[in-house]
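Written out below as structure tokens is the structure these notes cover.
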Number of protein chains: 2
Amino acid sequence: MDVARVAGVSRQTVSNTLNSPEVVREETRRHVLEVVERLGYRANQAARQMRTGRSRLIAIRIDPGGDGISGTVMDAFLHGLTESAARAGYRVLLYTAADDRGEIATFEDLLGSYEPDAFVLTATHHGDLRTAWLLERGLPFVAFGRPWSDPDGTSDPDGARHSWVDVDGAAGTAAATRHLLAAGHRRIGFIGWPAGSGVGDDRRAGWARALAERGLPGEGLSRAVEDGVDSGAAAARDLLATGAGVTALVCASDSLALGALGADGPGHLGGDPGVAGAGRTAVIGFDDTPVARAVGLTSVRQPLAEAAGVCVDLLTRTLGQAPRPAEHVLLEPTLTLRRSA
Amino acid sequence: MDVARVAGVSRQTVSNTLNSPEVVREETRRHVLEVVERLGYRANQAARQMRTGRSRLIAIRIDPGGDGISGTVMDAFLHGLTESAARAGYRVLLYTAADDRGEIATFEDLLGSYEPDAFVLTATHHGDLRTAWLLERGLPFVAFGRPWSDPDGTSDPDGARHSWVDVDGAAGTAAATRHLLAAGHRRIGFIGWPAGSGVGDDRRAGWARALAERGLPGEGLSRAVEDGVDSGAAAARDLLATGAGVTALVCASDSLALGALGADGPGHLGGDPGVAGAGRTAVIGFDDTPVARAVGLTSVRQPLAEAAGVCVDLLTRTLGQAPRPAEHVLLEPTLTLRRSA
DNA sequence: TTGAAAGCGCTAACAA
DNA sequence: TTGTTAGCGCTTTCAA
């Protein structure tokens, strides 16, 4: 070790200065630190890992764009994770997997080779093979996303046994609905997905709750369709045609909201304003994707970087010490206001 | 080493079987391999790295969503990279950095600690500090994206000295334009970005080339605006109002195309079809983002997974052997046809 | 408070 | 073709 020679101490003292500073005399420590800085010394990770058994690596699966929480959401979360991890002295390692079994195979592979200190799981679900496998072996991990209960309401027993971080979707749609209420709307519709998806049901519940708070009825003002612009447009047309006097729409996704915007006429989307009956309906989307910004759509924004930060916190807090009880963190989303509402 | 004991050979023979199979007798090799498989043995990466100096890690920066090639494009590329890397026996390590200098600092940090075998650079540019730094030290890397020349046309001397992989944007817009020509359009406009951005100029050039091939004039049919739905809509209205009889538009991005779609009336975007003069203009976007799929926009699709695969190929080909001359690969994009054109 | 010795699991070089 | 030896750079004992 070069540093030791230059600083005139033993290699051991250098190691101590870096890992157990309290053990080294103040003066020596400062001197060693100065030399470390000057020489740009970095402890070799492989050697350290070999000795300590810790890799300072956090592994996470990256989904193919298209399904799951991929696209912008995954991107922002990954960025936040990488940044938070770096601050805590960790790096992020990527892997792919087609399904639960494939992911478990990758766990085995990774654990035997790169030995990541922890995993971050996304898209946990009822009867998740991965959580069971990791729990069984006492391996550290956090889930981003609550393990939603079965469609029939049975909640996953594993869900309570591991830590997770999630964004409170219901709070988001409730905030959106309250924003519309504050703007004077009274007949507010909701366009979401068919019942059974935890995330979707949660978002619908927030809308219903906010209406209920004000004693307003929601019956007949909700539509459940597959995600997509076309289905969003169809649902919006349907809701606006009921004669119930719907003046505003909360949507479970930006795709649905984009459709609703289009169905409402060219008033949004850069068309000529002032056309009869065009673009008068207020619309709020969910996820604040680039599309939302592009078309001026007000949307519920998930605090992804913060969620990633909490994941790292939960993980690193566990890693050094003895196993701690599972923690569950629910983060509040915010509303990004644009001209659509 | 457990495997050695079980297989009844020396630990060295196991290592040889795994790393230099040709050196081990066929029968021994098969036997060892079988035991390795049965025991699920994985060579410890840290130990191997310590001995060989190779980490089997490829590092890449992940950008914050919003600027650069982030969002869907980055996501798909990262996924492809992770998958190709895994196939070649490598893993992908993530890092963040605010600018060139910050990224170089991260190089130093990483090289001293995790020792990645190679870097994949994105968004290389004229006078890139990173390429110069890596080149100077003979560190292996590939760039995803050509190092575009200066606005004044001076090309970066470093650009020729390192390998890069890119997608031929001009070929993409040319294909889009030819598709429109084949559909009978003759007055085809282009909406792109202000001159000076290599990527933007390239995409405009493809449109111009396809028109020139057919002896069709492009003058006055091109608009240069900042990226965004609103500016795309404004540019589209402007082009349609010239009286030149424009019937189709090729756009440098899906955002611009989305605006053009909106400016053209509610015919697209799920609005009522059949409205007078609505949605008759054909529009083609670029990047095939989720929005494109959502609104039925025909768009130029970059072969991102393939690009990532080529990056890994170029890298791994270099890693084992002696340094090779820089290679440059330009990939052809494809057109994803939807109802907008 | 500092130094010396041992060993983490692997593979390159060499010896058998 | 297989086995033995050594050492990669670090940190955890333990002794000074």
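The analysis underlying the following values was restricted to heavy atoms, covering all of them including side chains, and did not include hydrogens, waters or symmetry mates. Per chain, numbering begins at 1; letters A, B, ... match sequence-line order. As the structure is a computational prediction, the values presented were derived from the model and not from experiment.
Residues satisfying the side-chain hydrogen bond (donor to acceptor under 3.5 Å, both in side chains) criterion with A/His125, sequence neighbours excluded, are A/Asp100, A/Asp128. Looking at residues two or more places apart in sequence or on another chain, you find a ring-ring contact (aromatic ring centres under 6.0 Å, His included) between A/Phe119 and A/Phe107. When the ring-ring contact (aromatic ring centres under 6.0 Å, His included) test is applied to B/Phe141, the partners found at least two apart in sequence or on another chain are B/His162.
Distance check, rounded to the nearest 0.5 Å: CZ of A/Arg42 to CD of B/Glu108 gives 6.5 Å. The structure places CD of B/Glu103 at 7.0 Å from OG1 of B/Thr122, a figure rounded to the nearest 0.5 Å. With rounding to the nearest 0.5 Å, the separation of OG in A/Ser113 from OH in B/Tyr41 is 10.5 Å.
Contacts of A/Val23 with the nucleic acid, taken as non-hydrogen atoms under 4.0 Å apart, include base atoms.
Two residues, A/Ala43 and B/Thr13, neighbour DNA chain D, and the one matched to the more 5' nucleotide by heavy-atom proximity is B/Thr13.
In this entry the distance linking CE of A/Met50 with C1' of C/dC10 reads 6 Å, nearest Å. Rounded to whole Å, the distance from CD on A/Glu26 to C1' on C/dT2 is 17 Å. Rounded to whole Å, the distance from CD on A/Gln49 to C1' on D/dG9 is 13 Å. Protein atom CZ of B/Arg42 is 17 Å distant from nucleotide atom P of C/dG9, rounded to whole Å. When the P atom of C/dC8 is taken as reference, atom CD of A/Glu115 falls 14 Å away, rounded to whole Å. Look at NE2 on A/His31: it is 17 Å from P on C/dT1, rounded to the nearest Å. One can place CZ of A/Arg56 at 10 Å from P of D/dT11, the figure rounded to the nearest angstrom. Here the P atom of nucleotide D/dT2 and the CD atom of B/Glu27 are 9 Å apart, to the nearest Å.
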Show the atom names and distances, to 0.1 Å, of all donor-acceptor pairs under 3.5 Å that link a side chain in residues 83-93 of chain B to residues at least two apart or in another chain.
| residue | atom | partner | partner atom | Å |
| --- | --- | --- | --- | --- |
| B/Glu83 | OE1 | B/His79 | NE2 | 3.3 |
| B/Ser84 | OG | B/Gly80 | O | 3.0 |
| B/Arg91 | NH2 | A/Asp109 | OD2 | 3.3 |

Using the 3.5 Å cut-off, write out each protein N or O paired with an N or O of nucleotides 12-16 of chain C and the distance between them.
| residue | atom | partner | partner atom | Å |
| --- | --- | --- | --- | --- |
| C/dA12 | N6 | B/Gln12 | OE1 | 3.1 |

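One finds no side-chain N or O of B/Arg25 lying less than 4.0 angstrom from the OP1 or OP2 phosphate oxygen of D/dT1. Phosphate contact (OP1/OP2 of D/dC10, side-chain N/O of A/Tyr41, threshold under 4.0 Å): present.
Between A/Glu115 and B/Gln45, the side chains place no donor N or O within less than 3.5 Å of an acceptor N or O (distance only, hydrogens not considered).
Rotation axes derived from the C1' atoms of the five outermost pairs at either end of the helix from C/dT1-D/dA16 to C/dA16-D/dT1 lie 40° apart, to the nearest 10°.
Ion pair A/Arg29/A/Glu26 flagged as a salt bridge, since at least one NZ, NE, NH1 or NH2 atom sits closer than 4.0 Å to an Asp/Glu carboxylate oxygen.
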